[in-house]
There are 2 protein chains.
Amino acid sequence: MVSIKDVAEAAGLSVATVSRALNGRSAVSDEARARVLSAAESLGYRPNVVARSLRTDRTGTIGLVISDVLNPYFTELARSVEEEARALGYSVIIGNADERAELEAHHVRSLLERRIDGLIVSPADGRSPLTLDAADGPTPLVFVDRWIPGCAAPVVRADGRGAIRDLVAHLYGLGHRRLAIITGPAATTTGRERVEAFRSALSEFGLSLPESHVGRGDFQAESGRLATERFLDLPERPDAVFAADNLMALGALDAIRERGLSVPDDIGLAAFDDIPWFPHTAPPITAVSQPTAELGRVAVRALADLISGGTAGSTVLPAHLVVRRSCGEPETSAPTGGATRE
Amino acid sequence: MVSIKDVAEAAGLSVATVSRALNGRSAVSDEARARVLSAAESLGYRPNVVARSLRTDRTGTIGLVISDVLNPYFTELARSVEEEARALGYSVIIGNADERAELEAHHVRSLLERRIDGLIVSPADGRSPLTLDAADGPTPLVFVDRWIPGCAAPVVRADGRGAIRDLVAHLYGLGHRRLAIITGPAATTTGRERVEAFRSALSEFGLSLPESHVGRGDFQAESGRLATERFLDLPERPDAVFAADNLMALGALDAIRERGLSVPDDIGLAAFDDIPWFPHTAPPITAVSQPTAELGRVAVRALADLISGGTAGSTVLPAHLVVRRSCGEPETSAPTGGATRE
DNA sequence: TCCAATCATGTAATCGTTTTCACGGTGTGC
DNA sequence: GCACACCGTGAAAACGATTACATGATTGGA
C-alpha cells in the first residue's frame, strides 16, 4: 500500500506538506499543492484512515445497533440513518442484534472498541447493562425507537398511543369486542408501551384484556404464529388480534392460513408498523404507521450535535393509523383522529 | 481513555508484557499474567483496535456492499454474511448502494480506506471502474449474486436458468402465450441473465419475446410499476408478467391494483426471489427461490480463505421454482424439474 | 534601513498497539 | 563445571497519519 511517505518522496516534499496539501487546512503554495495532487493521483494514494483515526481520535464513523435486520421497519430506519449520516460526513457501521441481548452487547462492545464517534441504539433488551454503561460513558449515544429507562441519553421515537387508541376505536366500531394482542418482549419499552396503550384504550371502551388474550411474543414471526395458534385454540376465539410489530403479524397470518381460516371473516388482524407489502396481502392489513425515515434522520442529527459538544434532547414524533380491510369492511363514517384510509 | 500504558504502570510491568499477557501469544509467567489481568479489569481497560490495526495491518473486518438494503433478498444475505463472519471472528461493515453506481463507488472507496481485510460485493453496476480496480488490487474480494465479467475474483451466485425454464413451462401449461418480463438494469449480470434465460426458455416453447414485452426496470419498485403500466396500455396486454426481482413485483402489484384488475384472472404475475410475504399476498405469488442464506455463508468462507492466502474459487448454487397461484390455478400434473408447490 | 509579521516548509513528537531484539537468569545435558 | 537452550522480561522500533514548533525567506510599515 502506498503511504503518505511515498507521495512525499515522489513530490519531493515532506510528509507534513503533503498532509497539509491534501487536507487543505493550512497554507500551502499552489505549486506544492499541484505537485502533491499529481503525485497522489499517479501513485493511487488512498489515505489510511486507521492511522488518521489513531492520531486524531476521530473515526468519522457512527455505530447503529438495530434489533433485527430482517424487519423492514429497521431496514428503513437503517437506510435513512446511513443517508443522513453520509450527508453529514459520517460513515455508519450497522450491528444487528437479532432481538438477542447478548448479540446486542457484542455489537455495542465491538463498536466502542472501534472508537466510533457516536452510537445509535435500539436496544433489544431494555436492561442490557453494557448498553447502559455505554450510555453513561464518554461516547455520545442516542436511543432510537426503543430506549433504556433512566438513561440520560436522548431518545428519538414515535408515540403510538394515539394511533393505538384510534385502532381500538376502529375495531370497536366494527363490532369487535373480544380483542387480543401479541406483545413484544416486556424487556423492551416498545413491547410494554404498546400493550399498555392497548389496554388503556380498551378500558376506555369498557372492554377488558384477559390474560388469555395477551400473547407474549418477541417481535419475530415465529412467536406471532405460536401466540395466534393459542388464540385460535381458545374456546371463544378473539374477534381480532393486534400484533405489536409487522413480523408477528406475518406469523399470525401463517397460523390463520394453516387452519384454513380467513381474515377478517373468522378473525380480524392489525399490526404495528406499516410496510409496503401490507396493501397487497390478503386482505390488506390495517396498521399503525411510524414516520420511520424521519426518526432515523432526527436521531443522526441529535447524535451529530452531541458529538460536536451540543446538548440535543429527546424527540417524539406521532404515529398514525392506516385503515385497510383486515379488521372487517370499513364503516361508512370517517375514522377517529388522524387515521387515513386506503 | 485508559491505555495499555496505564495498565502496565498499575501492574508494575512493561507494556510489552501487558500486551503479551492479554494476547496470550507468547509466554508470560502466571504471576505477571494475574497482575496484568487484575489491573486491566480494575481500570476497565479496552484495547484500542485502531492502534492495533495500524500495527498489525489487520482490522478483523470485512466489507459488504449490497445493492439495496430495502430489498428483503439483500437483507437476508446481509444477515447470513454477518452471522458467518462473526463465527469466523470477523466484523462486517455494510454499505448500501441503493442500486446507484456512484454510491457503490463511495462505499467501496470508503471501505478500502478503512483497510478492511476483505470485501464482498454485489455490484449495482457491472462496469463500475472502482470496483474493478478493487478486484485487481491487494484486498481480497468476492462477488456475490452479481459480478463484473472478466474479473478474476470468485463469484458466489445462484443459477436461475433452470428455475426460469420451469417457470416458463408452468406458464405455458396454464395456457399463457403472451409473456412479458420486467428486467433489471442491463448493466448487471443478473439483469441480463434473467432476461436471456427467459427468452431462451420462451423460444424452446416456440414463443417469442417482442420488444414491447420487455420492460426495462432497475430492480426497484417504482420501475416495476411503470413497466407494468406500459404493459397494461398495450392493445393486446400480456397474459403474464415475470418480474426479475421481488421489489419490481411489488410495483407491478401496485399498478395492477390501481387499474382495478385482478391477478391472475386479468394478468398473471411471477417474480424472481422468494420472500416471506409472497405466500400471503393476494394472490400468493409464484416465485423463483434462491438459497440466499447459503450464498452469504459460502461467500464469507471463500473470502476468509482468500484472506488467509487460499485460492477459493467460484460457486454456483441452484435456484428453484415455487408455484403458487399468481399465474392461474395450478394444473393437476406435477410441475417440471425441481419446482415445489404451496 | 530595520524590525516584525507572515508565509511556506521541514523536523520531530505523538497517538496505542505489537513485535523484534537484547539480556539476565535458570535449567539441562554431557 | 561448562555450554547451550530457553524463558520471562524490558527497551525501543515500527505502523501512517496529524500537528506543534522551528526555520529561513519574503513582505510591509515606520
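Keep in mind that the numbers below use all heavy atoms, side chains included, and drop hydrogens, waters and symmetry copies. Because the structure is a prediction, the values reported are computed rather than measured. So that the names make sense, note that chain A is the first sequence line, chain B the second, and so on, each numbered from 1.
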| said: Is A:S19 close enough to D:dA17 that one of its side-chain N or O atoms is under 4.0 Å from OP1 or OP2 there? | reply: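 No.
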| query | Does a nitrogen or oxygen in the side chain of B:S14 sit under 4.0 Å from OP1 or OP2 of D:dT9? | reply |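 No.
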| Which part of the nucleic acid, if any, lies within contact of B:S29, taking any heavy atom under 4.0 Å across all strands shown: a base, the sugar-phosphate backbone alone, or nothing? |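 Sugar-phosphate, backbone atoms only, no base.
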Polar atom pairs between nucleotides 14-16 of chain D and protein, under 3.5 Å, N or O only, would you list them?
{"from": "D:dA14", "atom 1": "N3", "to": "B:R55", "atom 2": "NH1", "distance (Å)": "3.2"}
{"from": "D:dC15", "atom 1": "O2", "to": "B:R55", "atom 2": "N", "distance (Å)": "3.4"}
{"from": "D:dG16", "atom 1": "N2", "to": "A:A51", "atom 2": "O", "distance (Å)": "3.3"}

| Backbone N or O of A:E84 within a donor-acceptor pair of the A:R297 side chain at under 3.5 Å? |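 Between the backbone of A:E84 and the side chain of A:R297 there is no qualifying donor-acceptor contact (under 3.5 Å).
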Distance, rounded to the nearest Å, where [X] contributes [atom1] and [N] contributes [atom2]:
X     : N      : atom1 : atom2 : answer
A:R35 : C:dA8  : CZ    : C1'   : 12 Å
A:R20 : D:dT18 : CZ    : P     : 11 Å
A:R58 : D:dA17 : CZ    : C1'   : 14 Å
B:N23 : C:dT17 : CG    : P     : 10 Å
A:R33 : C:dC7  : CZ    : C1'   : 13 Å

[X]/[Y] ion pair, N-O < 4.0 Å:
X      : Y      : result
A:R35  : A:E31  : yes
A:E102 : B:R86  : no
B:E104 : B:R127 : no

| task | Go through B:F74 and B:D145 one step at a time and tell me if the side-chain contact (heavy atoms from CB on, under 4.5 Å) criterion holds. | result | CA-CA 9 Å; B:F74 285 112; B:D145 184 49; 3.7 Å; yes
| task | Verify side-chain contact (heavy atoms from CB on, under 4.5 Å) between B:R115 and B:S53, making sure each step is shown before the conclusion. | result | CA-CA 9 Å; B:R115 298 301 199 269; B:S53 297; over 6 Å; no
